[in-house]
Amino acid sequence: MERTTERFDTSTYYMERQGHEYQFEHYLRGKVRQFGGDNGSNYIEYARKDNSLFGTCKEYYNKTGTLKLVGKYYYNDFDCGIWKEYDENGYLIDEYDQDAPYKNYPWEKVEKFVKEELKLDLFDKNVSIRRYVSDKTNIPVWIIHYKVGSNIVSIKINANTGEIIKKGTNPIIK
């Protein structure tokens with residue numbers, strides 16, 4: 001049975017935080033942002049290196065400070081990879097693969113399409129990539145948004161087939 005002994009450092013957090021969060025630079029994990037703990041809420045930590053598209057998200061139990069949830073995220077907006085959930089004693093209770101619905105058209109293919117076909121920089125703040133499984137059709141979908149002049153271009157890709165379902169351009173509403 002897998003077990004974690006990782007705990008949230010509450011003493012440093014409460015001594016160093018400014019307002020409702022604590023931010024610092026860690027030599028291995030990059031920029032770290034911690035928040036939570038108020039009114040019995042759990043502690044949350046995001047860590048990502050400057051030159052990385054992916055970071056790590058962790059949630060810790062409020063009472064014990066024990067690691068509750070850990071996984072990888074794409075900096076723009078989605079969870080990915082294997083996520084692990086632990087009970088308050090540190091024992092693994094669940095593990096799920098956030099990438100499973102997208103296995104036929106995984107991140108690597110989306111990345112290649114965005115870089116090679118669309119010629120876009122994934123670090124550009126005007127480029128956004130999201131994914132979800134449609135409530136209506138139960139089809140996993142990738143959504144790519146990017147700015148061209150005063151317009152937003154949207155591309156919707158079926159993650160089962162890799163086909164572009166929809167492509168459209170809309171003016172930016174100010």
Side-chain angles (χ1 to χ4, degrees), residues 19-26 28-36 41-60 67-86 92-174:
H20 293 286
E21 66 179 49
Y22 173 39
Q23 292 188 42
F24 60 95
E25 192 78 33
H26 187 273
L28 287 176
R29 298 182 296 152
K31 286 185 178 162
V32 179
R33 179 175 170 248
Q34 298 176 334
F35 56 93
S41 68
N42 287 340
Y43 300 100
I44 307 292
E45 176 184 287
Y46 287 99
R48 184 173 66 88
K49 292 182 179 179
D50 280 339
N51 58 352
S52 179
L53 294 170
F54 297 92
T56 304
C57 176
K58 294 180 180 181
E59 181 178 349
Y60 299 85
L67 183 64
K68 176 182 181 179
L69 190 66
V70 61
K72 192 169 96 170
Y73 71 94
Y74 175 67
Y75 88 105
N76 249 340
D77 194 38
F78 60 84
D79 297 341
C80 52
I82 304 292
W83 280 65
K84 294 182 177 191
E85 186 174 357
Y86 299 90
L92 182 67
I93 54 174
D94 201 1
E95 190 174 278
Y96 33 97
D97 184 356
Q98 300 281 16
D99 297 334
Y102 309 94
K103 66 183 180 311
N104 292 337
Y105 198 79
W107 165 253
E108 292 76 16
K109 289 185 179 181
V110 173
E111 180 181 34
K112 184 177 181 181
F113 174 73
V114 170
K115 286 179 170 179
E116 294 179 11
E117 302 286 322
L118 302 176
K119 308 270 189 259
L120 297 172
D121 176 3
L122 290 166
F123 287 103
D124 184 335
K125 64 179 174 47
N126 293 311
V127 175
S128 169
I129 300 174
R130 291 177 174 40
R131 68 184 191 181
Y132 65 92
V133 176
S134 171
D135 291 338
K136 294 177 189 171
T137 63
N138 208 29
I139 294 173
V141 173
W142 289 96
I143 302 276
I144 302 163
H145 295 283
Y146 59 96
K147 185 177 171 185
V148 176
S150 60
N151 294 313
I152 294 286
V153 177
S154 298
I155 299 175
K156 192 175 190 178
I157 300 172
N158 178 325
N160 285 334
T161 64
E163 294 176 54
I164 294 176
I165 302 169
K166 188 176 177 184
K167 183 175 181 178
T169 304
N170 292 308
I172 297 172
I173 301 168
K174 293 183 181 183

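Computed over heavy atoms, backbone and side chain alike; hydrogens, waters and symmetry mates excluded.
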Quiz prompt | Spacing of Lys125 atom NZ and Lys147 atom NZ [to the nearest 0.5 Å] | solution = 6.5 Å

Quiz item: Can you list the steps and then say if Glu25 with Lys31 is a side chain to side chain contact (heavy atoms under 4.5 Å, CB included)?
Solution: CA-CA 5 Å; Glu25 192 78 33; Lys31 286 185 178 162; 3.2 Å; yes

Quiz item: How close do Asp79 and Arg131 get, heavy atom to heavy atom, and via which atoms?
Solution: O-NH2, 2.7 Å

Exercise. Check whether any side-chain N or O of Lys119 sits under 3.5 Å from a backbone N or O of Glu116 as a donor-acceptor pair, and report yes or no.
Key: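 Flag set: sc Lys119 to bb Glu116 pair under 3.5 Å.
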
Quiz item: Is any side-chain heavy atom of Tyr75 closer than 4.5 Å to a side-chain heavy atom of Leu122?
Solution: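 Not touching, per the 4.5 Å side-chain cut-off.
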
Exercise. Over all heavy atoms of both residues, which pair between Tyr105 and Ile157 is shortest? Give the atoms and the distance, please.
Key: CE2-CG2, 3.8 Å

Exercise. Please test Val153 against Leu118 for side chain to side chain contact (heavy atoms under 4.5 Å, CB included), starting from the C-alpha separation and ending with a verdict.
Key: CA-CA 11 Å; Val153 177; Leu118 302 176; over 6 Å; no

Quiz item: Could you give the distance from OG (Ser128) to CD1 (Ile143), rounded to the nearest 0.5 Å?
Solution: 9.5 Å

Exercise. Let me see the working for Val127 and Asp121 under side chain to side chain contact (heavy atoms under 4.5 Å, CB included), right down to the final yes or no.
Key: CA-CA 7 Å; Val127 175; Asp121 176 3; 5.9 Å; no

Practice problem: Measure the CG-NZ distance between Asp94 and Lys84 for me, rounded to the nearest 0.5 Å. | Solution: 11.5 Å

Quiz item: Is Lys72 paired with Asp99 through a side-chain N to carboxylate O contact shorter than 4.0 Å?
Solution: no

Quiz item: Which heavy-atom pair separates His20 from Phe35 by the least distance, and what is that distance?
Solution: O-CB, 3.5 Å

Self-check item: Nearest-0.5 Å distance that lies between atom CD in Gln34 and atom CD in Glu45
Solution: 4.5 Å

Quiz item: Which residues pass the side-chain hydrogen bond (donor to acceptor under 3.5 Å, both in side chains) test with Ser134, sequence neighbours left out?
Solution: Thr137

Quiz item: Ring centroid separation for Trp142 and Phe113, is it under 6.0 angstrom?
Solution: no

Practice problem: Show your reasoning for whether side chain to side chain contact (heavy atoms under 4.5 Å, CB included) applies to Glu111 and Leu53. | Solution: CA-CA 11 Å; Glu111 180 181 34; Leu53 294 170; 4.1 Å; yes

Self-check item: Approximate separation, where rounding is to 0.5 Å, of Arg33 CZ and Cys57 SG
Solution: 10.5 Å

Quiz item: In a check of ring pair (Phe, Tyr, Trp, His ring centres under 6.0 Å) between Tyr73 and each of Phe78, Tyr46, Trp83, Phe54, which one passes?
Solution: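 The ring pair (Phe, Tyr, Trp, His ring centres under 6.0 Å) with Tyr73 is passed solely by Tyr46 among Phe78, Tyr46, Trp83, Phe54.
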
Distance-only criterion, 3.5 Å: show the donor-acceptor pairs between side-chain atoms of residues 158-172 and protein atoms not counting sequence neighbours.
{"residue": "Asn158", "atom": "OD1", "partner": "Asn160", "partner atom": "N", "Å": "2.6"}
{"residue": "Asn158", "atom": "OD1", "partner": "Thr161", "partner atom": "N", "Å": "3.2"}
{"residue": "Thr161", "atom": "OG1", "partner": "Glu163", "partner atom": "N", "Å": "3.2"}

Self-check item: Considering all heavy atoms, the nearest Tyr86-Leu67 contact
Solution: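 Minimum heavy-atom separation between Tyr86 and Leu67: CB-O, 3.3 Å.
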
Quiz prompt | With sequence neighbours excluded, residues passing side chain to side chain contact (heavy atoms under 4.5 Å, CB included) with His26 | solution = Phe24, Leu28, Arg29, Val32

Exercise. Report the distance from atom CD1 of Ile82 to atom CD of Gln98, rounding to the nearest 0.5 Å.
Key: 9.0 Å

Quiz prompt | Minimal non-hydrogen separation, Pro140 against Pro101, with atom names | solution =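 Where Pro140 meets Pro101 most closely, the heavy atoms are CG-O, 3.0 Å.
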
Practice problem: Identify the two heavy atoms, one from Val133 and one from Tyr102, that lie closest to each other, and give their separation to 0.1 Å. | Solution: N-OH, 3.7 Å

